[in-house]
2 protein chains.
Amino acid sequence: MSKPTVPSQLDTTILAETFRLLGDSTRLRILFFCLESPRSVGDIAASLDLSQSLVSHHLRLLRGARLVRGNRQAKQIFYELADKHVSDMLVDMAHHVCEESGEE
Amino acid sequence: MSKPTVPSQLDTTILAETFRLLGDSTRLRILFFCLESPRSVGDIAASLDLSQSLVSHHLRLLRGARLVRGNRQAKQIFYELADKHVSDMLVDMAHHVCEESGEE
DNA sequence: CATACATATGAACAAGTATCGATATGTTCG
DNA sequence: CGAACATATCGATACTTGTTCATATGTATG
């Protein structure tokens, strides 16, 4: 278990798919915005200054990859990160990038 | 420092750029291959069944983002991950994806 | 039921990019 | 220096994808 470093080609594909979804600043902003607390689609669009349609499109992709999850509350649907896994990952990566400078 | 969860829009862009580079299975395969030990371009191309040109292109991108680093040794150039930061990140993400199933 | 509101979907377009083939740069050795 | 090898760059192409506009689905309220 000390050397599972090289994933199979299949795993690599899956990993890449996840990374690809995270590799768009609009989607990242949505994710980080929903990281604090569940947010409705309209709230996301307004707060991040994005069209409602665009937000919905992105949420669809994020939902498909099980990165977010939404539950309906009357007319609105509130989205939040799918699980602690995902949120931890995001926070970790944010830290990685913040510490990026002054390495060696 | 307990709630740096939401990065600035600028940071988000930088983060996304990094993710975008990781969001390609060919590049990921190259990275994981170089994770074990430094590899020459030709070795990467042969082992991963990719054209030399393609490998070089991807290495250029990865180099530009300081994800890999190469040092020349006679005719060959051996590439390795830029620092422990990057390699840790990759390994972590690989684990995340492996544990992906059987969550709830 | 009809109206208003919130979200989702579909078509279409522009921009980005992964890949390939050919060629150039650079390095070693005779 | 010139030949051989390793890597990098350039041009072109096919494909993916982020975004917008218009419209559909779904949900609550008078």
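Model, not experiment: these values are computed from the prediction. Residue numbers begin at 1 in each chain, while the letters A, B, ... track the order of the sequences.
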Donor-acceptor contact present, side-chain B:Ser56 to main-chain B:Ser53, <3.5 Å: no

Write down the distance between CG (B:Leu62) and C1' (C:dT17), rounded to a whole number of angstrom. 14 Å

Please indicate yes or no: is the ring centre of B:His57 less than 5.5 Å from the centre of the six-membered base ring of C:dT19, with the two planes inclined by under 30 degrees? no

B:Leu61 CG to C:dT19 C1': how many Å, rounded? 12 Å

5'-most contact on DNA chain C (nearest-nucleotide basis), A:Lys75 vs A:Leu54, goes to A:Lys75

Any A:His58 side-chain nitrogen or oxygen under 4.0 Å from OP1 or OP2 of D:dT17: no

Can you find a side chain N or O atom of B:Arg72 that sits less than 4.0 Å from OP1 or OP2 on C:dG26? no

In whole Å, what is the span from the CG atom of A:Asp43 to the P atom of C:dC5? 18 Å

Do the side chains of A:Leu61 and A:Leu21 get nearer than 4.5 Å, heavy atoms only? yes

Within this structure, what is the CD1-to-C1' distance between B:Ile44 and D:dT7, rounded to whole angstrom? 11 Å

Is there a side-chain polar atom (N or O) of A:Arg20 under 4.0 Å from OP1 or OP2 of D:dT17? yes

Rounded to whole angstrom units, what separation is found between the CG atom of B:Leu59 and the C1' atom of D:dA8? 10 Å

Side chains of B:Phe33 and B:Ser47 in contact at under 4.5 Å (non-hydrogen atoms): yes

Check if the side chain of B:Ser53 and the base of D:dT9 share a donor-acceptor pair of N or O atoms closer than 3.5 Å. yes

hbond_proxy B:Gln52 side chain to D:dA6 base (donor-acceptor, 3.5 Å cutoff): no

Is there a donor-acceptor contact under 3.5 Å from the side chain of B:Asp83 to the main chain of B:Val86? yes

Taking only side-chain N and O atoms of A:Arg60, does any of them lie within less than 4.0 angstrom of OP1 or OP2 on C:dT9? yes

Return the value, rounded to whole Å, for the distance between atom CD of B:Gln76 and atom P of C:dT28. 11 Å

B:Arg66 side-chain N/O to B:Ala82 backbone N/O, donor-acceptor pair under 3.5 Å: no

Please tell me which of the listed nucleotides, D:dA8, C:dA18, D:dT20, lies nearest to the side chain of B:Arg27? C:dA18

Mind checking if A:Tyr79 touches a base, just sugar-phosphate, or nothing, with heavy atoms under 4.0 Å? sugar-phosphate

So what does A:Leu21 hit on the nucleic acid, given a heavy-atom distance under 4.0 Å: a base, only sugar-phosphate, or nothing? nothing

Rounded to the Å, how far apart are B:Asp49 CG and C:dC20 C1'? 14 Å

Whole angstroms only, please: what is the CD1-P distance between B:Ile30 and D:dA8? 11 Å

Candidate nucleotides D:dT19, C:dA8, D:dT20, ranked by approach to the side chain of A:Asp24 - the nearest: D:dT19

